[in-house]
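Data block below; observations after.
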Amino acid sequence: MKNLLKDYKLHISVLLISILSIFIGTKTIKIGEVAIVFSPLIWSMLIMFAFYMSPAKIVTEKSYENANYMLGIAMTLLIVKLGVSSGSRLQEIKEAGLALVLQNFGNLGTIIVSLPIALLLGLGRESIGMCHALSREANVGLIQERYSANSPEFRGVMAVYIIGTILGPIVMSIISSIAISTGIIGPLAASMGVGAGSASMMTAGLSALIESYPQLEAQMSAFAGLSNLISSVIALPLGIFLGLPLTEFLYRKFHKKKKEEK
């Protein structure tokens with residue numbers, strides 16, 4: 001706690017960047033019929049990344065643990081807010097019913113889409129850790145327990161976890177913007193989709209949705225919050241019983257085929 005309080009550079013940077021991001025506001029970039037929304041959250045991440053990469057070294061690796069601690073406090077407040085939103089929309093959530101649970105099985109799509117690409121790029125068993133799920137905390141623990149912390153599978157899951165933490169919110173914000181601007185996916189369905197088990201990704205995706213449909217903010221916040229909770233809860237059993245077995249099976253099939261072709 002003393003180190004956190006003494007890290008005045010981090011606190012001042014966060015305060016100034018937050019104010020600057022709010023002044024920049026929400027910007028929408030239109031590419032044809034597709035609208036991509038950049039919310040203040042995304043601006044703050046990009047500016048802080050620039051601060052971190054600058055030669056001035058205003059924010060350094062030493063601030064990482066303190067920033068993590070601060071993020072935990074902020075996310076606790078966010079989850080409480082979303083819990084209240086969900087509680088006030090219980091009837092609408094009840095009507096959504098099975099759809100809220102079943103849409104989480106879409107996380108298995110990461111295997112079918114990303115595993116062949118990973119193997120084409122020349123990755124080995126790292127691809128199993130990388131592709132079996134969205135690779136958040138529960139999945140990191142699962143891979144560590146199953147394969148050990150020294151395994152290529154664990155290196156794979158940690159690589160995706162780190163990259164997802166840094167770039168995940170930006171990607172989620174862009175994807176959710178594109179999804180609803182095409183008209184293929186409705187705003188409530190998209191709000192379920194952003195609740196993929198990561199609070200930071202959900203917040204970024206939800207911000208973009210709210211900018212496009214401010215009149216549905218309460219409903220979308222409720223659906224996203226509950227979907228995120230369900231995703232976090234079922235991430236482990238989904239990975240154990242479906243994600244990992246399916247990834248292992250496809251890896252063996254693709255790997256065998258690759259060897260035969262050689």
Report, one line per pair, each donor and acceptor closer than 3.5 Å where one atom sits in a side chain of residues 108-117; sequence neighbours left out.
from : atom 1 : to   : atom 2 : distance (Å)
T110 : OG1    : N107 : O      : 2.8
T110 : OG1    : C131 : O      : 3.3
S114 : OG     : T110 : O      : 2.1

Pair up each side-chain donor or acceptor in residues 240-250 with any protein partner under 3.5 Å, not counting sequence neighbours, and list the distances.
from : atom 1 : to   : atom 2 : distance (Å)
T247 : OG1    : G243 : O      : 2.6
E248 : OE1    : R125 : NH2    : 3.3
E248 : OE2    : R125 : NH2    : 2.9
E248 : OE2    : Y147 : OH     : 2.6

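In terms of heavy atoms, M130 sits closest to A159 at CE-CB, 4.4 Å. Residues I180 and A190 share a closest heavy-atom pair of CG2-CB, 3.6 Å. Between V194 and L206, the shortest heavy-atom contact is CG2-N, 4.2 Å. Counting all heavy atoms, side chain and backbone alike, I143 lies closest to G129 at CD1-CA, 4.3 Å.
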Test log, rule side-chain contact (heavy atoms from CB on, under 4.5 Å), inputs I170 and L46: CA-CA 9 Å; I170 298 171; L46 292 172; 3.8 Å; yes

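Residue pairs meeting the salt bridge (charged side-chain N to carboxylate O under 4.0 Å, His left out) criterion with at least one partner in residues 39-48, sequence neighbours excluded, are absent. Within the structure, the salt bridge (charged side-chain N to carboxylate O under 4.0 Å, His left out) test picks out no pair touching residues 203-219 (sequence neighbours left out).
For R155, the salt bridge (charged side-chain N to carboxylate O under 4.0 Å, His left out) partners two or more places apart in sequence, or in a different chain, are E126. Here Y161 pairs with nothing under the ring pair (Phe, Tyr, Trp, His ring centres under 6.0 Å) rule; sequence neighbours left out. Residues passing the side chain to side chain contact (heavy atoms under 4.5 Å, CB included) test with A204 are L41, I42, P169, S173, sequence neighbours excluded. Residues meeting the side chain to side chain contact (heavy atoms under 4.5 Å, CB included) test with L216, sequence neighbours left out: P187, Y213, Q219, M220. For K9, the side chain to side chain contact (heavy atoms under 4.5 Å, CB included) criterion is met by D7, not counting sequence neighbours. Remark: S176 pairs with no residue by the side-chain hydrogen bond (donor to acceptor under 3.5 Å, both in side chains) rule, at least two apart or across chains. Annotation: side-chain hydrogen bond (donor to acceptor under 3.5 Å, both in side chains) contacts of S127 (sequence neighbours excluded): none.
A distance-only check finds a donor-acceptor pair linking the side chain of N228 to the backbone of S198 [under 3.5 Å]. Side-chain atoms of S227 never come within 3.5 Å of backbone atoms of A224 as a donor-acceptor pair (strictly under, hydrogens ignored). Here the side chain of W43 pairs no donor or acceptor atom with the backbone of I24 at under 3.5 angstrom.
Side-chain heavy atoms closer than 4.5 Å link hydrophobic residues (I, L, V, M, F, W, Y) into clusters, and following such links, even through other members, never connects I47 to Y52. Under a hydrophobic-cluster definition in which Ile, Leu, Val, Met, Phe, Trp and Tyr are linked whenever side-chain heavy atoms come within less than 4.5 Å, directly or via other members, L20 and M48 are assigned to the same cluster. Both L238 and V140 are part of a single hydrophobic cluster, where members link through side-chain heavy atoms under 4.5 Å apart. At a threshold of 4.5 Å between side-chain heavy atoms, the hydrophobic network of Ile, Leu, Val, Met, Phe, Trp and Tyr places M158 and L142 in one connected group.
The residue from I17, V14, I22 that alone fulfils the side-chain contact (heavy atoms from CB on, under 4.5 Å) condition with S44 is I17.
Distance CD/E153 to OH/Y251: 8.0 Å, rounded to 0.5 Å. In this structure, NZ on K253 lies 14.5 Å from CG on L119, to the nearest 0.5 angstrom. Atom CZ of R252 and atom CD1 of I128 lie 8.5 Å apart (nearest 0.5 Å).
When side chains are defined from C-beta on, P40 counts as touching T26, because their heavy atoms get closer than 4.5 Å. Residues I210 and S221 form a side-chain contact, since some pair of their non-hydrogen atoms from C-beta on lies under 4.5 Å apart.
The other residues sharing a hydrophobic cluster with L15 are I19, F23, where clustering joins ILVMFWY side chains under 4.5 Å apart.
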